[in-house]
Number of protein chains: 4
Amino acid sequence: MRANEGCVGSYGDDAMSQTLNARFSEVFGAEVRVFPIMTGTAANSLALSALVAPYGAVLCDQSAHISNDEGGAPEFFMHGAKLVTLPSADGRMIPEALRTGLRANAQGGILKPPIQALSLTQATEWGTVYALKDLAALCSIAHEHDIPVHLDGSRLSNAIAHLGCTPAEATWKTGVDVLSFGGTKCGAMAAEAVVFFVNDRTRPALKDFERRIKRSGHLWSKARFLSAQLLALLENDLWLKNSAHANAMAQRIVESLRRHAGAQLPFETQGNEVFVILPDRLVAELEAAGYAFYRWPTPEGVSGTLIRLVTSFYTREEDVEALLAEIAA
Amino acid sequence: MRANEGCVGSYGDDAMSQTLNARFSEVFGAEVRVFPIMTGTAANSLALSALVAPYGAVLCDQSAHISNDEGGAPEFFMHGAKLVTLPSADGRMIPEALRTGLRANAQGGILKPPIQALSLTQATEWGTVYALKDLAALCSIAHEHDIPVHLDGSRLSNAIAHLGCTPAEATWKTGVDVLSFGGTKCGAMAAEAVVFFVNDRTRPALKDFERRIKRSGHLWSKARFLSAQLLALLENDLWLKNSAHANAMAQRIVESLRRHAGAQLPFETQGNEVFVILPDRLVAELEAAGYAFYRWPTPEGVSGTLIRLVTSFYTREEDVEALLAEIAA
Amino acid sequence: MRANEGCVGSYGDDAMSQTLNARFSEVFGAEVRVFPIMTGTAANSLALSALVAPYGAVLCDQSAHISNDEGGAPEFFMHGAKLVTLPSADGRMIPEALRTGLRANAQGGILKPPIQALSLTQATEWGTVYALKDLAALCSIAHEHDIPVHLDGSRLSNAIAHLGCTPAEATWKTGVDVLSFGGTKCGAMAAEAVVFFVNDRTRPALKDFERRIKRSGHLWSKARFLSAQLLALLENDLWLKNSAHANAMAQRIVESLRRHAGAQLPFETQGNEVFVILPDRLVAELEAAGYAFYRWPTPEGVSGTLIRLVTSFYTREEDVEALLAEIAA
Amino acid sequence: MRANEGCVGSYGDDAMSQTLNARFSEVFGAEVRVFPIMTGTAANSLALSALVAPYGAVLCDQSAHISNDEGGAPEFFMHGAKLVTLPSADGRMIPEALRTGLRANAQGGILKPPIQALSLTQATEWGTVYALKDLAALCSIAHEHDIPVHLDGSRLSNAIAHLGCTPAEATWKTGVDVLSFGGTKCGAMAAEAVVFFVNDRTRPALKDFERRIKRSGHLWSKARFLSAQLLALLENDLWLKNSAHANAMAQRIVESLRRHAGAQLPFETQGNEVFVILPDRLVAELEAAGYAFYRWPTPEGVSGTLIRLVTSFYTREEDVEALLAEIAA
């Protein structure tokens, strides 16, 4: 409501938008350049398009959102540059696999688009969280190869809440060069941001980044309505508090499911996502009782139905307890 | 605020979003398919990308926003398809020029990207408004050549308010096939829409249109916040009332400037834009008094400074009078 | 030399070029449209770009040339459409894997680029050849899903020579819709072709295909020099005779290597490619003797060096015997 | 025939291809990097794609081949970057117009794709030739703005023959940074080249240029057949001798037409192209006699038919005389 008051400049020429760089620099403890973007898909894709030439490639985990869930947006924004994926057990890339992937790519010579960015996801798509030293190991390998690191931080707040670290430790101190800052999942109406940590690896990408935003139709004329959301999330650590609540709700679910004989938990729950394999019949009964689930392909050789339970700032304890009681019954 | 209540489905699976097709069909008196989009640049570019192959072309006026002011977005969304421009005196394309342009393109054979869409702008970039019969003549030529018509309706509400016609008459009854519906300029925070009038020319473009939206990062997860804005604009004709006010303010400015010896008005003001050439010294004095203007290149052989004055739903009469008094003084 | 005589029309308006459609239709026993192209990468990429929308995807084997060895060309020509790969043991896609891949893609809904073409390779990248009934099974699954089939036929002549079938049986009778016809590997200077078997699945792709060729800079003004090469290959089955010779040379190598204790042959050799794992020391000795090899990553857990030996129309028996003698010694 | 002898390395790893850089450096009297390409459209488009970001723009004359006659190839290779055209009387860009164009572009700020290359054509599309000092003036303006200059030299040999200058004077000494070297029009089967004059403006474009060639399907495996053509053209100045002959034939035509009452010559003929407006009836009679012409749109207010007569290395004096006699009769 405050953002709606008065008549202000457009395209970021307003008081709120103009504090963004300073505010994010303060929160992250480093010089950053912030570009508010309304969707995570656009934030990821824009960030990568500034790092990678159309004839290049991005290395990422096989579970990455950019590879599986963005309808080809990264390829569109990057003008056909390729996503090269590496296998992992739980969404966390393995340093040795990264070295092998980079080597295989280089050996391909002119026949393979060269890797020009590493994209990691924290918390991962499977709800796991990288330990900071593991993330640092990956970033370090990338940097050895002169490759900048992009972090899909759609759930960064959940990871920070889980790790109990600072935003700085979770990002640039570990080697992250460009961050897709997630705001929508932790409370915003529609507000993400591309955050560049200013260094020699990001400087070329910063040049003309606003042109890329404009060219993809992502530049709001009334930018203050986007900035206001981001500022509100940062105020009194609201983004982290909201995510801590979501994490706690997920832990409550996990604790209960662990005691349930029929439930299998294929991954550690460290953020706000619980993946659980339940007996087909139980899932059917829950659905009959009014619940709706997003189903995942069940791993081969396993019986039951793999569902994902996602908690949020808005998940109420009573709703969680009701579901758990229903499962237990 | 109402849109923020409760827990609803995402990506358009909410009550508000699900009424959009019906509501717009009612307002436009025809079967339409509506896709909410947050910026006009994205709405135009997405619409055209669904009509034109990457090896094709769009015909538009040389003043068109898509050609001059969108940072290359149409070319990006259309994967390099070409914008072919035609000259006009005041932003209104001339039927004979359209025929000539289509003929020259066809004669080029394989050497020229084929024209696959006609894009018109109403109200135009110079603040003029097509008479409906002139618009119909252009649409009719396009249809003779099996070419669909896109209307950049960023200021459609101003045109409708000026013409005193119905939304139906302003669009599909005149031959428009796809509309970029402008909401931001007439009051929304950030809400435009691509509106397809369902017919044989638009049906192929409708297929997979939502995939194009997702792929460009323009699909909101919390879609209701976008839908709510559009519904509010349509309620009690708010979009048209807001635009009528803006038009009236522009007319007030024009009336006053017409009586000013030093002012030249190169175009008719029919919507919410006044283009006026003022003596350089006057402009300097107004700036010294605190006004800020967007300057246009002054036509050759004319002395003075060409500025654009844009009015809106938010333009107050007292502010207009203050400016006019300052000019008169 | 004959093509160089006299003054003829350009861009295909010459006597040689104008017989191509009829000549290929005769050879393939079906109505075809032929577009001469100078490289296999361009032929594959152009063919796929005509079948797949920029927001779509192609399904192919993980060993496919389009996925691994074309420097991102298919993604460039398809404007960022995605290559989705399926695993296989020896380059021959497994029907069940195809069904699973199509199902997983469809379940992704709007989040996954839709599969709009199946691309198969015959002979495969590992030198194996699909039995016609297996190829037919794959084509049939694709057609059930309304998906056209592209065949990378860079080594089609080797496959036909191996199978002893007709060009018709090897292609459209088995379900192939569009063929990249390989000429360079079986004798041409630089001449491939995109061959469309005219049917309902290919008709939309045929429209404007020549525009795609022009737009990618692949339209020769002196087209006869390209056409002449293709016609020469078809004359008296030269393409097939050349490939039969290449196959025979490869078989000679395989027979000898099978008797060599230190050699492992990971794949059946059915065309003109022999993949063999030799002891590291032997490879080093051969290199010292003046041979040069293209090395492949050796499969995990296997010792030795995986090399590829490719034979051609130009491979002389004495050279093969000399190599085999050197290995035996 | 010589290139066909023996068994050599592929993709440029052959004796002929490996002399190209040295040979062209010698001919142009400067350090160059040469990339053989089979068509002029591809050479132009590849060169520009290495200079201009997808969100950028190229400035060129309104008559430029890249803008009018390449089926949208530059936009394809540049991933949607824009061609901004400037008007001129005869295909030769006017320095003042260039300054104005650059200024207008810069004033557009983020709304206009930034100009990142200047593309000039020598000889121009209208058969005129820039004086070297005029070309130098344009290059100098571009360089002042940190913009590299590309020269479409499809007819460079005709311009050099006309100017009587050295290849060095015609290119880098005048300020050209990257050249599309034309070979096909002056004798080759299909051989053009992108020639980079190595300097600070071209160095970034040189990086990975071969990847761009591969990615667009323009990398020949049997590269020697392309290199051989280029080397043959350079031998004993064959390219220049061929073009001098073509120019002389064009001059012969012009001299005769100047004396013909009904003929109007709208442009100076300085290369191998004669544009002439003939009475409609005369054109019809010539066509009845078996001649075929490429017709151009006749300028407004002029009666008659505008045709283009192009001479080449292969144009015989007796054929020219026969045509002129027919016209005179």
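Chain identifiers are assigned alphabetically (A, B, ...) following the order of the sequence lines, protein sequences preceding nucleic acid strands; residue numbering begins at 1 within each chain.
Across all their heavy atoms, C:Ile66 and A:Lys82 have their closest contact at O-NZ, 4.4 Å. Considering all non-hydrogen atoms of both residues, A:Pro113 and C:Gly71 come closest at CG-C, 3.9 Å.
C:Glu75 contributes atom CD, which lies 14.5 Å from atom NE2 of A:His79 (distance to the nearest 0.5 angstrom). Rounding to the nearest 0.5 Å gives a distance of 8.0 Å between CG of A:Leu111 and OG1 of C:Thr41.
Proximity to chain C (any heavy atom under 4.5 Å) is shown, for A:Ser67, by both the backbone and the side chain.
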| said: Walk me through whether A:Lys112 and C:Asn68 qualify under side chain to side chain contact (heavy atoms under 4.5 Å, CB included). | reply: CA-CA 6 Å; A:Lys112 296 207 183 295; C:Asn68 298 312; 3.6 Å; yes
